[in-house]
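Working notes for the structure below.
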Number of protein chains: 2
Amino acid sequence: MDSATAREQALDAAEKLFYGRGIQSVGMDDIRGASGVSLKRLYQLFPAKEQLVVAYLERRDVRWRGQLAAYAERQPDPGRRILAVFDWLEEWFAEEDFRGCAWINSYGELGARSERVADQVRAHKQAFRDYLASLVTAAGLPDALTGPLFLLAEGAMVTAGITGGTRPAAEAREAARSLVAAR
Amino acid sequence: MDSATAREQALDAAEKLFYGRGIQSVGMDDIRGASGVSLKRLYQLFPAKEQLVVAYLERRDVRWRGQLAAYAERQPDPGRRILAVFDWLEEWFAEEDFRGCAWINSYGELGARSERVADQVRAHKQAFRDYLASLVTAAGLPDALTGPLFLLAEGAMVTAGITGGTRPAAEAREAARSLVAAR
DNA sequence: ACCGTAGGAGAACGCTCGTTCTCGCGTCAA
DNA sequence: TTGACGCGAGAACGAGCGTTCTCCTACGGT
C-alpha cells in the first residue's frame with residue numbers, strides 16, 4: 001500500500017470515527033483497527049494525533065463546501081440559491097449518521113486546548129459565511145443579509161445536532177425566506 | 001464546613017473551571033484545589049464526576065434563565081421583551097470570561113458519551129425555547145415565530161463562542177426585529 | 001544468496017486522571 | 001479518659017491512551 005492510499009484510508013477511518021463518536025473517545029489504536037494502517041505508518045503520515053484531527057477537518061471542509069456549492073448551483077435563480085442552502089441542510093440533517101456540525105463539535109471538544117483545531121474551525125465558518133455572502137451579492141441583495149442568514153444556518157446546525165430531526169432546517173428556511181422578502 | 005457550603009464551593013469551582021477550560025481538561029484534583037473541598041468530600045457529595053457535571057449544568061441553567069428573565073422583565077412592552085433577549089445576549093457575549101454557550105460546549109465534549117449530560121443539554125435548550133415561546137405568545141405574535149427566533153439566538157451563541165465579539169448578537173437582534181415586523 | 005531497508009504486529013512506556021485507600025488528627029459522647 | 005468516628009492530605013491503584021520501541025518478515029538491488 002503506497003503512502004497516498006494509506007493516508008486516504010487513515011483519513012476515511014478518522015472521519016468516520018471522529019465524527020461519529022467524538023475525537024477524544026477515539027484512540028489512535030481505533031483508527032489503526034478501522035483503517036488497516038499500522039501505527040507506525042500512521043505516525044509517519046501524521047506525527048501527532050492533533051495533526052490527524054486537523055487533516056480530518058480540512059478534508060471534510062473541502063468536501064462539505066463542495067457538496068453544498070454543487071447542490072446550490074443546480075438552482076439557476078440566484079435568489080433561490082440562498083434557500084437551496086437550507087434545503088441542503090435539511091437533507092444533511094436527515095442522513096442516518098448525522099451527528100451535528102463536525103466543526104462546532106470539535107470546537108466544543110478541543111477549541112479550548114488546541115489552537116490549531118480552533119483555527120481550523122474558525123477558517124471553516126469564515127469560508128461558509130463568505131460563501132453565503134457571495135450568494136447574497138449574486139442575488140443583488142444587501143450585504144447586511146449575510147449575517148442573519150449565517151446565524152440561522154448555524155442555529156439550525158447546532159439545534160439539529162442536539163435535538164435531532166430536520167425541523168430546524170425547515171424553520172430556518174422559512175425565516176430566511178421572510179428575511180429575503182422583507183428586503 | 002457543613003455539607004451545604006462544601007457543595008456550593010465545589011460547584012462554584014466546578015463551574016468556573018469547567019466553563020473556562022472545558023470539562024475533560026479539568027480533573028477532580030483541580031476542583032479540589034480550587035474549591036478547598038477534599039477529594040473524599042467531593043466523592044461523598046458527587047459519587048462520580050459525571051454527577052458533578054450534571055449538577056454544574058443544572059445550577060447554571062437555573063441562574064442563566066433567571067438572569068435572562070429578570071433582564072427581559074425590565075422591559076414592560078411585551079414586543080420589546082423579545083428584542084431584550086438579544087440585548088442580554090450581547091451583554092453576555094461582552095463579558096471578560098465569555099467562552100460560548102456552556103451547554104453547546106458540553107454537548108460537543110460529552111454528548112456522544114454521556115446520556116445524562118445530553119439530557120441536561122436538551123432540557124436546557126427546550127426550556128429556553130419554551131421561554132421564547134411564552135414571550136412570543138405574550139406579545140400576541142404567531143407561534144411560528146418562536147423557531148426562527150430560537151435559531152437566531154442559538155446561531156449567535158455558537159458564533160460568538162467560536163469567533164468572539166458581540167457582533168452576532170447585534171446581527172441576530174436586527175434579524176429578529178425584521179422578522180417580528182414582517183409578522 | 002545476501003544485505004539493507006521498509007513495514008507490520010503488538011508490546012512497552014509514560015503520563016493523566018477518575019476513584020479508592022491509608023494514615024493520622026481532632027472531636028465528641030459516655 | 002477513651003474509643004469511635006469524621007475528615008483532610010495525599011498516596012496508591014487501575015484504566016486509557018498517545019507515542020515509541022522491539023522483533024520479525026518480506027522484498028529489491030547487487
>> For Phe150(A) versus Thr159(B), what's the shortest heavy-atom pair and its separation?
In response: CE2-OG1, 3.6 Å
> Which heavy-atom pair separates Ser35(B) from Ala10(B) by the least distance, and what is that distance?
Replying inline: CB-CA, 4.0 Å
Integer-rounded Å distance: [N] [atom2] and [X] [atom1]:
X	N	atom1	atom2	value
Gln44(A)	dT5(C)	CD	C1'	12 Å
Asp30(B)	dT16(C)	CG	P	11 Å
Ile31(B)	dG18(C)	CD1	P	8 Å
Arg113(A)	dT16(C)	CZ	P	12 Å
Leu42(B)	dC7(D)	CG	C1'	13 Å
Leu45(B)	dT19(C)	CG	C1'	15 Å
Asp29(A)	dG18(D)	CG	C1'	10 Å
Lys49(B)	dT19(C)	NZ	P	8 Å

Whether [Y] and [X] form a salt bridge (side-chain N of Lys/Arg under 4.0 Å from carboxylate O of Asp/Glu) is what I want to check.
X	Y	answer
Asp77(A)	Arg81(A)	no
Asp97(A)	Lys16(A)	no
Glu58(A)	Arg116(A)	no
Arg167(B)	Glu90(B)	no
Glu154(B)	Arg129(B)	no
Asp29(B)	Arg32(B)	yes
Lys125(A)	Asp130(A)	no

>> Heavy atoms within less than 4.0 Å of DNA chain D: which residues of residues 8-25 of chain B have one? Give them sorted by number.
In response: none
> How are the rings of Trp92(A) and Phe98(A) set relative to one another: parallel (under 30°), tilted (30 to 60°) or perpendicular (over 60°)?
Replying inline: perpendicular
> Given axes from five pairs at either end, by how many degrees does the helix from dA1(C)-dT30(D) to dA30(C)-dT1(D) bend, rounded to 10°?
Replying inline: 20°
With the criterion being N/O to N/O and under 3.5 Å, what pairs connect the protein with nucleotides 8-15 of chain D, and how long is each?
{"from": "dG8(D)", "atom 1": "OP1", "to": "Arg41(B)", "atom 2": "NH1", "distance (Å)": "3.0"}
{"from": "dG8(D)", "atom 1": "OP2", "to": "Ser38(B)", "atom 2": "OG", "distance (Å)": "2.8"}
{"from": "dG8(D)", "atom 1": "O6", "to": "Lys40(B)", "atom 2": "NZ", "distance (Å)": "2.8"}

> With a 6.0 Å cut-off on ring centres, are Phe128(A) and Trp64(A) close enough?
Replying inline: yes
